[in-house]
Amino acid sequence: MDARYINPFIESVCNTFETMCSLKVRVGKPALSACKGHQTDVSAVIGFSGDAAGSVAVCYPFASASKIATSFAGIEITPDHSDFGDALGELANMIAGGAKAKLDGLSINISLPSVVIGERQHISASRTSPRLFIPCSTDAGDFHVEVGMELSRSTKVTGQGATVGANA
């Protein structure tokens with residue numbers, strides 16, 4: 001995956017959390033994701049297709065997910081609340097949509113969010129398409145974003161390089 005396509009995701013994460021949750025995101029240094037290196041309790045996943053295919057997953061421990069969902073909704077949302085998955089799925093949807101808008105020159109469709117809830121899960125990495133792991137932290141807790149994307153062979157896009165560890 002070309003690193004220059006990561007900045008739109010980093011910018012969108014920061015913008016979405018600041019605008020919708022009133023939380024400033026501190027972004028760590030992105031790195032290639034290991035198959036089983038990062039376990040999580042909640043994963044909100046959005047797939048995309050078109051000129052680029054892949055997915056973005058926003059992954060949280062339960063404590064962070066609950067505090068972030070509460071900040072987003074303005075009411076207490078715990079993992080057993082009926083809106084828990086919807087709140088986190090909507091945040092992932094906003095992140096994917098914001099990144100999609102910044103991927104100039106690419107025609108991309110995004111899927112509806114899927115939210116997977118369960119202790120100590122991990123997202124299996126593709127052998128042919130690496131994913132980038134982006135560590136993030138807020139005053140409400142830590143989370144990470146995983147982005148995997150492949151451009152179609154006929155797509156050629158030019159742009160500037162990624163800013164590793166950028167804070168928006």
So do P61 and V42 actually touch side chain to side chain, heavy atoms under 4.5 Å?
no

F62 versus E119: any side-chain heavy-atom pair under 4.5 Å?
yes

Mind checking ring pair (Phe, Tyr, Trp, His ring centres under 6.0 Å) for F17 and listing every partner two or more places apart, or none if nothing turns up?
F143

For residues F9 and M94: do they belong to one hydrophobic cluster (side chain heavy atoms under 4.5 Å, members Ile, Leu, Val, Met, Phe, Trp, Tyr)?
yes

Taking side chain to side chain donor-acceptor pair (under 3.5 Å) as the definition, give me every residue that meets it alongside T70, ordered by chain and number, with sequence neighbours left out.
none

What pairs of residues pass the ring pair (Phe, Tyr, Trp, His ring centres under 6.0 Å) test when at least one of them lies in residues 97-121, not counting sequence neighbours?
none

Among residues at least two apart in sequence or on other chains, which ones pass side chain to side chain donor-acceptor pair (under 3.5 Å) with T19?
N15

For residues V45 and A57, report the shortest heavy-atom separation together with the two atoms involved.
CG2-CB, 3.9 Å

Minimum side-chain heavy-atom gap I6-V147 below 4.5 Å
yes

Checking K100 now: which residues fulfil side-chain contact (heavy atoms from CB on, under 4.5 Å) with it, not counting sequence neighbours?
I108, I110

Taking the side chain as C-beta and beyond, is there a heavy-atom pair between C59 and V145 under 4.5 Å?
no

Can you find a pair of side-chain heavy atoms, one from I68 and one from S71, that are under 4.5 Å apart?
no

OG-CG distance between S137 and L23, expressed to the nearest 0.5 angstrom:
10.5 Å

What do the steps show when you test E90 against F72 for side chain to side chain contact (heavy atoms under 4.5 Å, CB included), and what is the final call?
CA-CA 10 Å; E90 186 54 33; F72 175 60; 3.9 Å; yes

Nearest heavy-atom approach of P30 to I10 is CG-CD1, 4.2 Å

If you look only at pairs with a residue in residues 76-86, which of them pass as a side-chain hydrogen bond (donor to acceptor under 3.5 Å, both in side chains), with sequence neighbours excluded?
T78-D80

Check the hydrophobic clustering (I, L, V, M, F, W, Y; side-chain heavy atoms under 4.5 Å; chains of links allowed) and say if I46 and L132 are grouped together.
yes

I'd like to check the salt bridge (Lys or Arg N to Asp or Glu O under 4.0 Å) partners of D139; sequence neighbours left out, ordered by chain and number.
R26

For S12, the side-chain contact (heavy atoms from CB on, under 4.5 Å) test, sequence neighbours excluded, returns T16, I95, A99

By side-chain contact (heavy atoms from CB on, under 4.5 Å) - contacts of A73 (at least two apart):
I75, I77

So do the side chains of V13 and I134 get within less than 4.5 Å of each other, counting heavy atoms only?
no

side-chain contact (heavy atoms from CB on, under 4.5 Å) against P135, all qualifying residues, sequence neighbours excluded:
F133

Taking side chain as C-beta onward, heavy atoms only, is S66 less than 4.5 Å from P79?
yes

Please confirm whether the backbone N or O of K24 pairs with a side-chain atom of T138, one donor and one acceptor, at under 3.5 Å?
no

Does the side chain of L151 reach to within under 4.5 Å of the side chain of L106, using non-hydrogen atoms?
yes

